[in-house]
Amino acid sequence: MPGYAFQMDSEGHKDDTGFKITLTWADATTGSAVDISSWTFAYEANEKSGSGGNVAVADGAMTKSDSGSGTTDTLTIPISFASLNEGRYSQHLRVTVGGEITTVGYGTLEIKPSEFD
Amino acid sequence: MADREYLTTQVYDVSIGGTVYHVSAKVGSESDHSGDITIGGYLTVNGADLSGTAITTTNGGIIVNGPLELTNDGANNGALTVADDADIAGGLDVDGSITLNSTAGVYHGTGSPEGVQVAAVGSLFLRTNGGSGTTLYVKESGSGNTGWTAMVSQGFSLTQSWEMPLSATAATSYTSGFYRFATSASTLASPVTFGTANGAYGAHAMLVATSGATDTEITVSGTSITDAGVRTTTDTEVLSLTDAAANTYYETDKKWIGQVTFEKTAGTNRSCNYGFCKYWDNQNMDFTIVGGEALWKAGATDAGFDIVVYHHKATGWTYNAGAAPTPPTPIFQLSTDYVTERSAIAGHHGAWKRTGASQAISGSGSEGVIVAVVTTAPNALDSGTITMNYTSG
């Protein structure tokens, strides 16, 4: 349904060496790639227990690339679990285009114990 | 490295500023430890725990920026298998033993391995609480825990032989070197010549001083000769008598041929014995005398016959004002060992053997060996040989 942000539920493990969200953008009508190089994204996750575990990724730490259409249309957000506690986090992704801020994704991030203890 | 399969891959429609976009979202981990990891290039591990994971590289390598721990998994026991050469730039710390080609090994521990350490012939045992001669053991026989032999720290045994000097008159004759002293001491305040012109001495000039001032300088002048065969006429060398004690010994670094002159050229008068010395120094290399033998056939009966093996060195000398100086105490002396039964008997063979010595000689310094043969009867010796046993170093 247009106008809604997408559901961004995900999970990871403490010993994962990396975690990322990759978003590829296209015009819903034409299917053409959308140039996102001038868009400013911001990712944030906050621990639901209120223990203060937070992670934020600014636009500059993200990678914008070409998915193959010749247009910069893919956004990759690296997320580090190194300093986070195990538990549940609320996460959201916002984008600023032309001075307007829109939340494009939200959901729950769950960090589980190490798989290899 | 294969990524973990993404947990979600979905397409959403979102609206930004009135425009609707399709967003294809993939969310997930970047790592996957759940199975074997096959690497075509290098795997760089910066602290990640890879326990329980098999790592295979193809024409690549593994760089570990931290300790590499191979824990006991109950099956392979933490073994590290290296199919090719192992290049270790740093140290190799082995808590267990080292086995070579599945046979001989290198072991270590406290106490003797005899009766304790099972090993194959050819194995080595490094004893960490041993001493001289009880630190390195070699397994020389058997397949059990016996057959270990301690290796004594000793160089290779070498020999050096000299013909015994023959004399038609009663004399002290030398081999392997010689001493030739002035018959009495002098202050050398006036020039004193020593040796005979054109004599092929090839010897160091030496002094043995009485006690006195420390400012005395004695200049030796004459023709010098080097071990490289370089002859220098009108050469000089100054001996500085800097030790005030009696019986101090000095010798020139240079060797001299022909007649030399001793003269005090500075400082206080100080009486000295003086002369020449030449000694066998094993080509200027350090060595240790461990024994020796002498065998001779007497040409005449001589009750005063003697053989003296000197350790020529800078200590142990005795200054004598009215006679030649007394050299250091000999390493061996026939008359000391044989006492009364020391005579050379006309027409008879005689022999003398010593073992068990350990006299270090600094051949690289100014030390060496001089053997003197003393006869008190004309033609006391018909023939004879002296052999020294020594180890290098």
Side-chain angles (χ1 to χ4, degrees), chain A residues 1-34 36 39 67 73-82 91 93-105 107 109-112 114-117, chain B residues 1-39 41-55 62-76 78:
Chain A
M1 169 79 64
Y4 287 91
F6 59 79
Q7 190 67 32
M8 202 169 66
D9 293 334
S10 54
E11 66 177 31
H13 296 84
K14 277 288 286 183
D15 59 343
D16 284 345
T17 57
F19 190 86
K20 65 183 179 183
I21 299 171
T22 301
L23 306 174
T24 303
W25 298 76
D27 188 288
T29 303
T30 66
S32 301
V34 176
I36 63 168
W39 296 6
S67 66
D73 62 345
T74 297
L75 176 74
T76 302
I77 307 168
I79 304 170
S80 172
F81 293 166
Q91 59 179 351
L93 175 68
R94 295 190 179 95
V95 61
T96 301
V97 179
E100 181 179 337
I101 301 174
T102 305
T103 298
V104 295
L109 167 65
E110 182 173 7
I111 300 178
K112 296 180 175 179
S114 167
E115 290 182 312
F116 303 103
D117 285 345
Chain B
M1 177 170 59
D3 285 355
R4 173 194 295 280
E5 187 174 348
Y6 280 52
L7 298 176
T8 60
T9 304
Q10 298 185 40
V11 176
Y12 303 89
D13 283 348
V14 297
S15 175
I16 300 175
T19 302
V20 179
Y21 299 96
H22 280 308
V23 182
S24 174
K26 297 194 295 184
V27 182
S29 299
E30 289 186 298
S31 60
D32 184 356
H33 304 307
S34 61
D36 291 353
I37 301 171
T38 302
I39 303 168
Y42 285 98
L43 168 65
T44 302
V45 181
N46 292 308
D49 182 359
L50 297 177
S51 57
T53 302
I55 301 172
I62 300 173
I63 299 170
V64 181
N65 294 322
L68 175 61
E69 220 175 273
L70 304 176
T71 56
N72 187 344
D73 65 356
N76 296 312

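Computed from a prediction, not measured in an experiment: that's the story for all the values here. In what follows, chains are A, B, ... by sequence order, proteins preceding strands, each numbered from 1.
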Contacts of A/Ala33 meeting side-chain contact (heavy atoms from CB on, under 4.5 Å) (sequence neighbours excluded), chain-then-number -> A/Ser69, A/Thr71, A/Asp73
With sequence neighbours left out, the residues meeting side-chain contact (heavy atoms from CB on, under 4.5 Å) with A/Ser32 are A/Thr30
Item to check | Top of A/Val95, A/Thr24, A/Val34 for chain B proximity - count of heavy-atom pairs under 4.5 angstrom | outcome: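 Maximum pair count with chain B is reached by A/Thr24.
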Looking at every heavy atom in both B/Ile16 and A/Thr102, which two are closest together, and how far apart are they?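 Taking B/Ile16 first and A/Thr102 second, the nearest heavy atoms are CG2-OG1, 4.2 Å.
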_Restricting to non-hydrogen atoms, name the atom on A/Trp25 and the atom on B/Val14 that form the minimum distance, rounded to 0.1 Å._
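Looking at all heavy atoms of both residues, the shortest contact is CZ3-CG2, 3.7 Å.
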*Pairwise distance NE2(B/His22) to CG(A/Leu23) - rounded to 0.5 angstrom*: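 So the gap between those two atoms works out to 14.5 Å.
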